[in-house]
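What follows is a short report on a single structure.
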Amino acid sequence: MKNLRSLFEALERARILRPLKPVIETVAGILLGTRETTVEAPHIRDHIEIKRYMSTVILALAPAAVASVVFYGWRAVAMIAVSYVVGGIIEVAFALIRRKDIEEGFLVTGLIFPLILPPTAPLWMVAVGITFGVFFGKEVFGGTGRNIFNPALVGRIFITIAFPELMSARWQKPFSDAVTAATPLGLFKTGRELTPLVDLLLGQVTGSMGELFRLGVLAGGLLLILTRVANWRVPLAYLGSVALLSWVGNLFLPEMIAPPQFQLLAGGLLFGAFFMATDPVSSPSTRAGKWVFGVGCGVVTLLIRHFSGFGEGVMFSILFMNAFSPLIDALVLNAKYRTAKV
Amino acid sequence: MVKRNRNFPGGYAFKRFAGRPEDTFVEAPLPAKVRLPLRAPGGADLPALVKNGQQVKAGQVLALEEATGACVLATLSGRIEELKPAAWLGGKTKVATIIGDGSAEWTPLAGHSPDWRAVSRESLRERILRSGAAVLPAQATHLLVQAVEDEPHNANPEVLERAWGLQALVEGLAILSKAFPGARLHLALNRRRRALAARIGEAAGQEGLPLELCALEGKYPQAHRELLLPTLLGRSAAREAAILELQAVLHLRDAVVLGKPMLDRVVALAGTGFASRPHLRARIGTPLGELLQPYLRPQPECRLVLGSLISGAAVPAEAPLPAQTGVLVAVPENREGEFLSFAIPGFASDSRSLTFAANLLPLPKKPDTNLHGEHRACISCGFCEDVCPVRILPHILHRYVQKNVIDETLVRFQIFKCIDCNLCSYVCTSKIPLARLMREGKAKLVKEGLAPREVGA
């Protein structure tokens, strides 16, 4: 470790490598950790850091990511690789321009993005989507911590709107080459057909790559909540409101609204609720705000699923609610401190 | 018999920190010299009564403020070698250096008589004050004695019990009760000390002493006044409550029963920087370097912290042992970082997030001074909000201070509820010095006259 440290110190001193300083510092930080110590009380610090935080998210995403590779083979690997490489270039470019460290949040965005794409998405589109997402979803706001929207969702929505036929009509079941326009949610909308729940859980249906293996998504989501990396309030409010509202809706409008067990497992709901709605940066930061946000996501998801031309509403609902997060926080703060004596 | 009390929201239980004080008790040898800052426990400098070169006896008053009765006593018999201002805990104050003459004798407190039950309560209080054992208010409706053990490292109250004897402890409580007739007497202990609580309860019962025992969870910052009062007494907590540490009760008992001024202090040595960690009885003012030499490991380099790793001050080895400290921590300085810290299992890492093995398995955690991560922008993970014991929102407040937006909004968001417990800084994922920013914000508000009346005074 000492040798490695002196190597990095030499690299940082090298005049010729000065423009690359943020990259060198980041790599040193990843490998060796920080040398900085506390200067005052508290003299000790919690060992959690953004790197650990983000790597826990990646660990939680692993079952879904591995399943997508098992289901779609090298295509999935290629999509993830393109997303990381292209998005990484943009991230590094911005770090160099800003002369700041590379932000770890990208490692999550770069993995989530390919996982919410249809397995048939061409690689150039992956590149276009992640570029747009990282650039307009995050960097123009000033980087991680300052973005309003979830960057992966921004990229996904951009290519959904730009290339609708490629993004919504070309689905592929795992282990099969047949391309179809039908998803479980679509099948319900057109023919009241309920896909068996076991198929949904194991992912033997059409859908975006990462959302399919729902057992793994659930396991990952639970890991995030149990490790306290993701706040439990958002997924509980989100999934709970979808379950409750669709149960009520199914009682009164059984022809239009699918029963809750199907709603929860169909489409990208689980993946969205555990991995995207929980993004701490783009969701409200107050506790009460998180409840409002989760319920809002649930309501909007159901509205889009059953009362609009779109088949699925998870990504729109989260992005929609992201836009309201600052407002929700402001309202929560006003309510909380309205009666406070000044 | 033992009340189980309500909890408070937030807080953090520091569990299984390596380097806990051992249950041993050691008398430190008489020091060659002591250094005594002439400053009251409250922080005010006291006028000196002695001159350079003068011979003093242990127990003699070195500095006194007539109005309040606050005083500093000589803790060693000998000659005053030096009397001049020196750096002390972030400020400057006059410090007296006494070169010992080798005698362990001390002057008894004036007017002492062993039959304290016959003494009036005014003179009881006078003796307590003059002994330096405790500063008590003129009136109190509640007396809270605490040994809650809410820090990563705590002194063991059972060792104090052994050092003085259970009888002396109960006697101290009885003296307090007599000095404040009508006041309710509470003793707050950690939940783990059931046996001790039962012993004290039984002995107090035999004395006919009305003592209310409370078992608390020991979650930091339970021992802070702002949390101890509501947890013990409820929301409508009387303002006229005095809080004493358990050790202060033992010293005031010695003052009243034996006429002995508070010359020494039992400090528990803690932290992995010490090879052995006894509870050490040492004269107040003993230079720490001299006191700790036999116990400190030669490696690694350590930081000495008074009282608490979370809210205590770091002191150099030349500093004297202060009169108020119960724990001395030697925490290793770590300027090297950790290899692949984001991926290691973390068998000795403490974290509120459950992402390290030491939080899931019964493994000891080894604290050091490393930041364990790089500074980043706030991602609103909400950890600080979850641990905040007074329910304010450091992740919102710090943004205002960082941008230097110091206005009524901060006051409206109740920044003045902050009790400087430092937990927000401890848990921050992005290593933001939240507690320092809150302090800065409060200081600037006070400076601009925007603080609410009860704070600004």
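Order of the sequence lines sets the chain letters (A, B, ...), proteins ahead of strands, with each chain counted from 1.
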Exercise. Mind ranking A:Asn147, A:Asp279, A:Thr286 by heavy-atom pairs under 4.5 Å with chain B and telling me who comes out on top?
Key: A:Thr286
Quiz item: Heavy-atom distance under 4.5 Å to chain A: side chain of B:Arg335, backbone, both or neither?
Solution: both
Quiz prompt | Contacting moiety of B:Val305, where chain A heavy atoms sit under 4.5 Å | solution = side chain
Self-check item: Which atoms of B:Ile344 approach chain A - backbone, side chain, both or neither, heavy atom under 4.5 Å
Solution: both
Quiz item: For chain B, which residues of residues 94-112 of chain A have at least one non-hydrogen atom nearer than 4.5 Å to it?
Solution: A:Asp101, A:Ile102, A:Glu104
Exercise. Can you establish whether the number of heavy atoms outside A:Lys21 located under 6.0 Å from its atom NZ is more than 12?
Key: no
Practice problem: Specify the closest pair of heavy atoms between B:Ser308 and A:His43, including all atoms of both residues, with the distance to one decimal. | Solution: O-CD2, 4.2 Å
Quiz item: Which of residues 48-56 of chain A have a heavy atom under 4.5 Å from any heavy atom of chain B?
Solution: A:Ile48, A:Glu49, A:Ile50, A:Lys51, A:Arg52, A:Tyr53, A:Ser55, A:Thr56
Self-check item: Contact origin within B:Cys378 toward chain A - heavy atom pairs under 4.5 Å
Solution: backbone
Self-check item: A:Thr38 vs B:Arg303, side-chain hydrogen bond (donor to acceptor under 3.5 Å, both in side chains): CA-CA, chis, key distance, verdict
Solution: CA-CA 11 Å; A:Thr38 57; B:Arg303 184 185 300 183; 3.0 Å; yes
Practice problem: Give the member of A:Arg35, A:Arg146, A:Glu40 that has the highest number of heavy-atom pairs under 4.5 Å with chain B. | Solution: A:Arg35
Exercise. Evaluate whether atom NZ of B:Lys219 has more than 12 neighbouring non-hydrogen atoms of other residues, nucleotides or ligands under 6.0 angstrom away.
Key: yes
Exercise. Considering only heavy atoms and a distance below 4.5 Å, find which of A:Gly29, A:Ala41, A:Ala230 pairs most often with chain B.
Key: A:Ala41
Self-check item: Side-chain H-bond candidate by donor/acceptor type, A:Thr37 with B:Asn370, under 3.5 Å
Solution: no
Exercise. Give, as side chain, backbone, both or neither, the part of B:Ala313 having an atom under 4.5 angstrom from any heavy atom of chain A.
Key: backbone
Quiz item: In terms of the angle between their ring planes, are B:Phe356 and A:His47 parallel, tilted or perpendicular, with boundaries placed at 30° and 60°?
Solution: perpendicular
Exercise. Please say whether more than 12 non-hydrogen atoms of neighbouring residues, nucleotides or ligands are located less than 6.0 Å from NZ in B:Lys417.
Key: yes
Quiz item: Out of curiosity, A:Leu333 CG to B:Phe413 CZ, how far, rounded to the nearest 0.5 Å?
Solution: 4.5 Å
Quiz item: Does the A:Arg5 side chain pair with the main chain of B:Glu336, one donor and one acceptor, at a distance under 3.5 Å?
Solution: yes
Quiz item: Roughly how far apart are A:Tyr337 OH and B:Leu393 CG, rounded to 0.5 Å?
Solution: 4.0 Å
Quiz item: In terms of heavy-atom proximity below 4.5 Å to chain A, should B:Asp386 be classed as side chain, backbone, both, or neither?
Solution: both
Quiz item: Most heavy-atom pairs under 4.5 angstrom with chain B, which of A:Val281, A:Thr227, A:Thr278?
Solution: A:Thr227
Exercise. Hey, could you give me the OG1/CD distance between B:Thr369 and A:Glu36, rounded to the nearest 0.5 Å?
Key: 11.0 Å
Quiz item: Once you round to the nearest 0.5 Å, how far does OG of B:Ser351 lie from CZ of A:Arg228?
Solution: 9.0 Å
Quiz item: From B:Leu340 CG over to A:Ile30 CD1, what is the distance, rounded to the nearest 0.5 angstrom?
Solution: 9.5 Å
Quiz item: Which atoms of B:Thr429 come close to chain A, meaning under 4.5 Å heavy atom to heavy atom: side chain ones, backbone ones, both, or neither?
Solution: both
Quiz item: Given that the side chain runs from C-beta out, which part of A:Leu226 has a heavy atom under 4.5 Å from chain B: side chain, backbone, both or neither?
Solution: backbone
Quiz prompt | Interchain contact, B:Tyr12 with chain A, by part (heavy-atom threshold 4.5 Å) | solution = neither
Quiz prompt | Atom pair NZ (A:Lys290) and CD (B:Glu385), whose distance is rounded to the nearest 0.5 Å | solution = 6.5 Å
Exercise. Using a 4.5 Å cut-off on heavy atoms from C-beta on, say whether the side chain of B:Asp350 contacts that of A:Ile44.
Key: no
Quiz item: Checking B:Arg391 against chain A: side chain, backbone, both or neither under 4.5 Å from a heavy atom?
Solution: both
Quiz prompt | Part of B:Ala343 within contact of chain A (heavy atom distance under 4.5 Å) | solution = backbone
Practice problem: Mind listing the closest non-hydrogen atom pair of A:Gly145 and B:Arg399 along with its distance? | Solution: O-NH1, 4.5 Å
Quiz item: Under a 4.5 Å heavy-atom cutoff, which of B:Leu354, B:Val427, B:Val329 has the most pairs with chain A?
Solution: B:Leu354
Quiz item: Donor-acceptor pair, A:Asp46 side chain versus B:Arg352 backbone, under 3.5 Å?
Solution: yes
Practice problem: Would you mind telling me which of B:Gly382, B:Ser349, B:Cys428 has the largest number of heavy-atom pairs within less than 4.5 Å of chain A? | Solution: B:Ser349
Exercise. Compare all side-chain heavy atoms of A:Pro42 with those of B:Ile310 and state whether any distance is below 4.5 angstrom.
Key: yes
Practice problem: Answer with side chain, backbone, both or neither: which region of A:Arg287 has an atom nearer than 4.5 Å to a non-hydrogen atom of chain B? | Solution: both
